[in-house]
Amino acid sequence: MSVGEPGAASTTAPEDPYAPLRTRPYLGLLALTALVGVPVCSVAFGFLALVNELQPLVYTDLPVALGFHDTPMWWPLPMLALAGLLVGLTVRHLPGRGGHEPADGFKAGGAPSLAELPGVACASLASLGLGAVLGPEAPLIAIGGGLAVGALRLAKRNADARAAALVGAAGSFAAVSALLGSPLLGAFLLMEVSGLAGPVLGTVLAPGLLAAGIGALIFTGLGDWTGLGTYGLALHDIPEATAPTVSEFGWALVIGIAAAFAGAGVRRLALFLKGRVERRRVVGTVVAGLAVAGLAIGYGAGTGREPSEVMYSGETALEGLLAHGATYSTAALVSLVACKALAYCVSLSSFRGGPIFPAMFVGAAGGMLLSELPGLTLTAGFATGVGAMAVAMLKLPMTSVLLATLLLGSDGLTVMPLVIVAVVISYVVSARLTPPPSPGGSPPGDGSGVSGSTAR
C-alpha cells in the first residue's frame with residue numbers, strides 16, 4: 001500500500017517518544033551530566049564570587065586606597081567608562097562577540113564553543129563588576145553550556161548534535177540553578193526558554209535536573225568551605241503579607257498593564273540604542289557606560305541616596321529595598337524607577353549580561369511606589385511588580401510567577417493569587433504590544449528571550 005492510499009497510517013507504528021530513556025547511551029549520558037555538574041558549578045560559583053568581590057573592591061576599597069576619605073559621587077564615571085571600553089574591545093576583537101546581545105532578549109540557542117568562553121567571561125565580568133545594570137544569569141547559562149559541551153567533545157569527539165544539546169542544557173541547568181535559589185526554578189526557566197513540551201520535556205529535563213541537583217550541593221559545599229556563603233533569591237526581612245483583598249486584585253490588573261507598557265518601552269528603546277552603538281562599538285559602549293554613570297550620579301545627587309542603587313543588577317539590593325521601603329520618599333521611588341529603567345535600557349543595548357534581575361528590581365520599586373496609594377499593601381505591590389515586569393521582559397509566565405513567589409518564601413504563597421493575575425495580564429498585553437513576526441525573521445522589538453549562544 002502506498003503512502004497516499006487510505007488506511008496507510010494504520011500500518012505505520014507511531015514513534016515511541018520514550019525510547020531514548022530505555023537505551024544504554026542515555027544512561028551513560030545521565031552519568032556524564034552528573035559528572036559535568038561538579039566542575040561546571042564550581043566554575044559558576046567562582047564566577048559569582050568574583051563578581052561579588054569586584055563590586056566592593058572597585059567602588060569601596062579602590063577609592064580609599066587612592067586616598068579618598070569616601071567614594072566620590074563622580075566615581076562611577078571613570079569606572080563605567082572603563083567597563084564600556086573593555087566590553088567594546090572584547091566584542092570587537094575576541095571570538096563570540098562577548099556572548100549574546102541582551103537587547104535581543106532571552107531565547108534558546110546553542111552553547112558557545114570553548115574558544116568563545118573567554119570573551120563571554122571578560123565582557124560579563126567587566127559589565128557586572130563595574131556597574132552595568134544587568135544580571136549574571138545569561139553569562140552563567142552560556143558558560144555552563146559551553147563548558148559542558150566542550151567536555152563532551154573532548155571525551156567523545158564524534159558525539160552527535162542531540163547529545164551535545166542535552167549535555168549543554170544540563171550544564172546550563174547546573175550553572176544557573178543555585179543562583180535562582182532552586183534547581184526547579186532553573187528547570188522552569190530553561191524549559192520555558194526552549195519551548196519544550198510533552199515526552200520530549202522529560203527526556204531533556206532528566207539530565208538537567210540531575211546536574212542541577214548535584215550543582216546545588218556543590219554551591220552549598222563551596223559556600224561553607226570558602227566562607228563566601230551561598231547564592232539565592234529568598235529574602236528574609238519581609239513585611240508580613242495579608243490575605244489578598246478585592247482592591248488588591250484590581251491593583252494587580254493595573255500593575256500588569258503598566259508593566260507590559262513599561263517592558264515594551266524598555267525593549268524598544270534598548271533596541272534603538274543598540275543600533276546606534278553597533279555603528280561604533282568601542283566608542284558607543286564607552287558613551288553608554290558614561291550614561292549609566294550619569295543616571296546613577298543624578299539619582300544620588302537628587303535624592304541624597306547611594307548612586308549604587310541605580311547601578312548593578314539589583315539582585316542583592318531587593319531585600320534592602322523591601323525592608324527599608326518606608327525610608328524612601330515618593331519622589332525618591334519615582335526617581336529610582338525612572339533612573340534604573342533608563343540605565344537598564346542603556347545596559348541592554350551595549351553591555352553583556354542577563355535581563356532578569358534588573359527587570360525584577362524595576363518592577364519591585366514600581367509596585368512599592370503604587371503601594372503608597374490606598375488599597376495595596378507594600379508586600380503585595382512588591383511581589384506583583386516583580387512578577388509583572390519579569391514576564392513583560394522575559395515572556396516566561398511560569399518562571400515569572402515562581403520568581404516573585406519564591407522570593408518571598410512563605411509570604412509568597414499568600415500573595416501568589418495576585419502575582420498570577422498580574423503576570424497573566426502583563427503577558428497578554430505584552431503579546432499584543434509586540435509587533436507580529438516579519439517573514440523569515442524575529443518580530444521587531446521582541447525582547448522575549450536570553451540565548452546561551454553567542455551573537456554572530
Side-chain angles (χ1 to χ4, degrees), residues 100-107 127-128 132-141 176 179-181 185 188-189 192-193 233 255-271 292 295 309-318 321-322 336-349 351-370 381-407 419 422-423 425-427 429-431 433-434 445-451:
H100 87 287
E101 296 271 5
D104 290 338
F106 207 86
K107 51 194 171 188
S127 299
L128 305 178
V133 186
L134 293 169
E137 69 282 356
L140 281 179
I141 289 172
V176 80
L179 169 68
L180 296 176
L185 183 50
F188 273 108
L189 170 68
E192 287 195 288
V193 168
L233 286 181
I255 291 172
I257 295 171
F261 278 91
V266 167
R267 291 195 307 273
R268 293 181 183 184
L269 179 56
L271 288 169
V292 173
L295 288 164
E309 292 181 5
V310 169
M311 296 155 54
Y312 302 118
S313 67
E315 64 190 277
T316 58
L318 282 168
L321 179 68
L322 180 58
L336 179 59
V337 172
C339 291
K340 188 80 171 184
L342 287 172
Y344 181 30
C345 289
V346 175
S347 298
L348 284 170
S349 72
F351 291 95
R352 293 295 186 265
I356 294 178
F357 294 107
M360 292 171 63
F361 188 95
V362 170
M368 290 172 59
L369 178 62
L370 291 177
F382 181 95
T384 52
V386 167
M389 194 65 189
V391 79
M393 291 303 299
L394 306 179
K395 307 291 184 65
L396 308 176
M398 287 197 301
T399 299
S400 298
V401 170
L402 288 173
L403 281 169
T405 53
L406 292 179
L407 192 66
V419 173
V423 165
I425 296 299
S426 179
Y427 181 60
V429 175
S430 294
L433 292 174
T434 301
D446 180 18
S448 60
V450 148
S451 170

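Predicted, not measured: the structure shown is a model, and the values here were computed from it. When a residue number appears, it is its place in the shown sequence, counting from 1.
- Listed here is the closest heavy atom pair of G135 and F357: CA-CD1, 4.2 Å.
- In this structure, the side chains of Y344 and V266 come closer than 4.5 Å at one or more pairs of heavy atoms.
- Closest approach of A259 and A392 over heavy atoms only: O-CB, 3.4 Å.
- When side chains are defined from C-beta on, L396 does not count as touching V391, because their heavy atoms never get closer than 4.5 Å.
- M393 contributes atom CE, which lies 11.0 Å from atom OG of S400 (distance to the nearest 0.5 angstrom).
- Considering only heavy atoms from C-beta on, D104 comes within 4.5 Å of L271 through its side chain.
- Counting heavy atoms from C-beta on, the side chains of L342 and L269 come closer than 4.5 Å.
- A distance of 5.0 Å separates CE in M360 from CG in L403, rounded to the nearest 0.5 Å.
- In this structure, K340 forms a cation-pi arrangement with F361, its terminal cationic atom sitting closer than 6.0 Å to the ring centre and no more than 45° off the ring axis.
- Residues L321 and F382 come closest through the heavy atom pair CD2-CE1, 4.4 Å.
- A side-chain donor-acceptor contact under 3.5 Å links K395 and T434.
- Within the model, atoms CE of M398 and CG of L402 stand 8.0 Å from one another, a figure rounded to the nearest 0.5 Å.
- Contact annotation: the side chain of R352 never approaches that of P139 to less than 4.5 Å [non-hydrogen atoms, C-beta and beyond].
- Across all non-hydrogen atoms, the minimal contact from A138 to G353 is CB-O, 3.6 Å.
- Atom-to-atom distance recorded for C345:SG and R268:CZ is 12.5 Å, nearest 0.5 angstrom.
- Heavy-atom minimum distance, A359 versus A390: CB-CA, 4.5 Å.
- Not counting sequence neighbours, the partners of S313 by the side-chain hydrogen bond (donor to acceptor under 3.5 Å, both in side chains) test are E315.
- No side-chain donor-acceptor contact under 3.5 Å links S349 to the backbone of A270.
- Distance check: L322 CG to L318 CG gives 8.5 Å after rounding to the nearest 0.5 Å.
- Two residues are said to be in side-chain contact when any heavy atoms from C-beta on lie closer than 4.5 Å; V429 and L433 meet this criterion.
- Partners of V337 by side-chain contact (heavy atoms from CB on, under 4.5 Å), not counting sequence neighbours, listed by chain and number: V362, A365.
- Smallest separation of non-hydrogen atoms from A343 and L295: N-CD1, 3.5 Å.
- One finds the CD1 atom of I425 at 12.5 Å from the OG1 atom of T384 (value rounded to the nearest 0.5 Å).
- Within the 4.5 Å cutoff, side-chain heavy atoms of E137 are placed close to those of P355.
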